[in-house]
A.B. asks: 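Here it is: the structure, laid out below.
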Amino acid sequence: MRGWLTARFPKFSQDRLLLVVDLIGTFVFAVEGSLAGISAGLDVFGLLVLSFVTALGGGTIRDLLIGAIPPNSIRDWRYGATAFAGGGAVFFFHPLFERVPVHLMITLDAAGLALFAVAGVGKALEYGITPLLAIMMGAVTGAGGGTVRDVLLAQVPGVLHSDIYAAAALAGATVVVIGLKVKMPRAFATSLGASVCFVLRMVAAWEHWNLPKVIVR
Amino acid sequence: MRGWLTARFPKFSQDRLLLVVDLIGTFVFAVEGSLAGISAGLDVFGLLVLSFVTALGGGTIRDLLIGAIPPNSIRDWRYGATAFAGGGAVFFFHPLFERVPVHLMITLDAAGLALFAVAGVGKALEYGITPLLAIMMGAVTGAGGGTVRDVLLAQVPGVLHSDIYAAAALAGATVVVIGLKVKMPRAFATSLGASVCFVLRMVAAWEHWNLPKVIVR
Amino acid sequence: MRGWLTARFPKFSQDRLLLVVDLIGTFVFAVEGSLAGISAGLDVFGLLVLSFVTALGGGTIRDLLIGAIPPNSIRDWRYGATAFAGGGAVFFFHPLFERVPVHLMITLDAAGLALFAVAGVGKALEYGITPLLAIMMGAVTGAGGGTVRDVLLAQVPGVLHSDIYAAAALAGATVVVIGLKVKMPRAFATSLGASVCFVLRMVAAWEHWNLPKVIVR
């Protein structure tokens with residue numbers, strides 16, 4: 001049964017559509033990594049490294065941990081090329097990217113996070129990882145790249161102290177696991193999980209929600 | 001031949017006893033990681049990450065390096081669950097943990113270090129790693145988690161400049177290797193190595209010993 | 001067909017010569033790592049860690065990513081022993097190493113970078129990695145160790161913002177890939193790539209070249 005979109009673009013199989021969506025997420029994360037690199041005064045090589053690491057670091061760590069070696073980012077050149085394209089685009093057309101409204105950037109980032117989180121938990125489950133750690137792998141896929149980026153910039157990773165970001169990825173990945181447990185079709189469970197992650201992240205960004213902290217007197 | 005403890009608790013095989021001891025070590029390290037996270041102002045997600053990383057980061061790096069993939073921390077959900085339990089306990093009952101006397105904490109930590117060091121060198125030897133690097137894997141297992149924790153907190157890892165900590169793990173792991181070389185029974189060599197590591201760490205903490213540094217004029 | 005050198009030293013096969021060159025590169029990088037550790041106030045254990053990480057970290061990351069597990073640094077004890085020898089030599093004979101002229105150090109470092117870059121791209125190609133990412137693996141092998149060293153010292157890795165260093169490794173690795181593509185003999189393509197990397201790095205250091213940055217007003 002073909003969906004409306006695949007029927008209209010018959011050359012796009014389901015898999016190819018997923019790949020395109022995945023590469024768009026990679027591009028968005030790469031742009032964010034590169035912009036962070038500019039703020040930190042990195043040169044063009046540094047921008048490309050931060051693009052790659054921010055976009056593909058989370059998935060790479062997940063793949064190393066679940067035993068999918070070489071990781072997808074090293075196996076398939078299109079991911080690296082897309083990340084470098086994002087970093088290069090920022091280097092050459094920096095003023096353009098600076099003019100992107102912050103709301104659009106947050107929305108695209110939330111979409112990328114949701115996509116990476118559900119893809120991450122799905123792949124971990126395929127590799128036989130238990131649900132608890134598969135959910136963690138969803139968060140690693142979504143938030144791991146930004147964590148490595150912050151470490152390279154010698155900063156405490158933002159995800160550890162501010163915003164609801166990785167927690168949204170955890171929530172989305174949990175929904176996927178529960179959905180599959182109660183025998184939802186995979187596409188449905190995945191879409192539901194991605195939506196939960198996306199909406200939670202957007203509301204949290206909008207409302208400036210933070211996770212609780214221990215108050216030390 | 002059953003020991004006194006296993007005879008009294010017949011359902012506890014040797015292996016199960018080792019697992020319980022291992023999980024206690026994991027819990028102790030997780031509590032320490034989480035407390036460090038509170039000092040650094042992390043939120044509850046950050047505490048859980050630091051619990052996992054501090055408790056299981058060393059063993060995970062060892063497993064990646066010796067080729068035991070997926071690492072034990074990802075393969076067996078009980079380790080992750082224990083680490084998260086430690087982190088969660090600190091989050092909910094923080095004042096309780098603050099009241100634990102520092103001497104007890106150092107003692108428990110030294111016991112965990114000794115346990116992780118001899119377990120690490122043993123697993124590396126099982127995977128066919130040469131003695132020199134197997135000893136190094138003992139130190140990585142014992143001190144690697146704290147190193148990653150400090151990196152995430154954007155600090156130079158304490159183990160690189162202060163105290164006798166990883167060096168105690170190296171000493172214990174070396175004793176294990178020599179013991180096995182001179183045909184001691186494995187349980188004996190392991191116990192001896194763990195004791196050397198524990199005692200060395202305790203005396204060093206008590207006497208405020210440090211390793212030598214190069215004095216730059 | 002035996003070359004002049006191997007004819008004179010008949011016990012030195014081609015492979016053995018390569019190993020010796022590789023170990024010399026490892027020693028040079030280890031010395032640099034250890035000297036950086038002294039500046040940062042590390043103790044003798046910290047120096048040994050920085051020696052190992054600076055000399056062998058890049059190759060280890062490459063091996064993990066391309067699926068050569070356990071990595072060479074863990075499989076073959078001679079690399080670790082050489083790295084520790086470099087670190088130990090700096091600890092015991094620190095004033096000697098301080099007296100090494102900076103030009104000699106830069107030259108030896110550039111030679112090590114060239115060697116590691118072409119070895120890295122070669123090994124990645126052998127493991128079936130696509131050219132784009134194999135070139136990246138050349139840079140990871142050459143510059144990855146210094147990157148991890150800087151992260152452990154809680155600094156933004158120098159390679160991301162200053163000098164032409166990893167870019168020289170990328171250039172050399174690219175020459176290797178193109179050379180092999182146009183059917184050059186492997187030894188020739190490799191030598192040419194190493195020369196390009198070495199000369200580019202030396203000229204860049206001499207002329208204080210930097211890569212371009214985005215100027216933010």
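Proteins come first, then strands; the chains are lettered A, B, ... in the order of their sequence lines, and each starts at number 1.
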A.B. asks: Testing the basics here: between A/L47 and C/V214, what is the closest heavy-atom pair and its distance to 0.1 Å?
C.D. replies: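 Between these two residues, the closest heavy atoms are CD1-CG2, 4.3 Å.
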A.B. asks: Need one label for A/V44: side chain, backbone, both or neither, based on atoms under 4.5 Å from any heavy atom in chain C.
C.D. replies: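 Interface part for A/V44: both.
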A.B. asks: Using a 4.5 Å heavy-atom cutoff, which residues in residues 105-136 of chain A come close to chain C?
C.D. replies: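 The residues closer than 4.5 Å to chain C amount to none at all.
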A.B. asks: Which pair of non-hydrogen atoms, one from A/G41 and one from C/H161, has the smallest distance, and what is that distance?
C.D. replies: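 Closest approach of A/G41 to C/H161, heavy atoms only: O-CB, 3.7 Å.
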A.B. asks: Work out which heavy atom in C/L65 is nearest to a heavy atom in A/P70; give both atom names and the distance.
C.D. replies: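 Result for this residue pair: O-CB, 3.2 Å.
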A.B. asks: Between C/L64 and A/L64, which heavy-atom pair has the shortest distance, and what is it?
C.D. replies: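 Looking at all heavy atoms of both residues, the closest pair is O-CD2, 3.6 Å.
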A.B. asks: Just wondering, do C/V156 and A/L152 contact through their side chains at under 4.5 Å, heavy atoms?
C.D. replies: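 Answer no - side chains too far apart.
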A.B. asks: Is any side-chain heavy atom of A/V151 closer than 4.5 Å to one of C/V151?
C.D. replies: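 When only atoms from C-beta onward are counted, A/V151 and C/V151 do touch, with a gap below 4.5 Å.
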A.B. asks: Given the options C/A154, C/G67, C/A166, which has more heavy-atom pairs under 4.5 Å with chain A than any of the others?
C.D. replies: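 Answer, by heavy-atom pair count under 4.5 Å with chain A: C/A166.
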A.B. asks: Any idea which of A/L48, A/I69, A/I74, A/T60 has the most non-hydrogen atom pairs under 4.5 angstrom with chain C?
C.D. replies: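 Heavy-atom pairs under 4.5 Å are most numerous for A/I74.
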A.B. asks: Atom CZ of residue position A/R75 - does it have more than 12 heavy atoms of other residues, nucleotides or ligands inside 6.0 Å?
C.D. replies: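 Yes, the 6.0 Å shell around CZ holds more than 12 heavy atoms from other groups.
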A.B. asks: What part of C/D63 gets within 4.5 angstrom of chain A, counting heavy atoms only: side chain, backbone, both, or neither?
C.D. replies: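 Contact with chain A involves no heavy atom of C/D63 at all.
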A.B. asks: Taking every non-hydrogen pair under 4.5 Å, which of C/I164, C/V159, C/T147, C/N210 racks up the most with chain A?
C.D. replies: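 Most pairs with chain A among the choices: C/V159.
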A.B. asks: Measuring heavy-atom distances to chain C, does A/F52 have an atom under 4.5 Å in its side chain, in its backbone, in both, or in neither?
C.D. replies: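 Contact with chain C involves the side chain of A/F52 alone.
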A.B. asks: With a 4.5 angstrom heavy-atom cut-off, could you sort out which part of C/L153 is near chain A: side chain, backbone, both or neither?
C.D. replies: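 No part of C/L153 comes within 4.5 Å of chain A.
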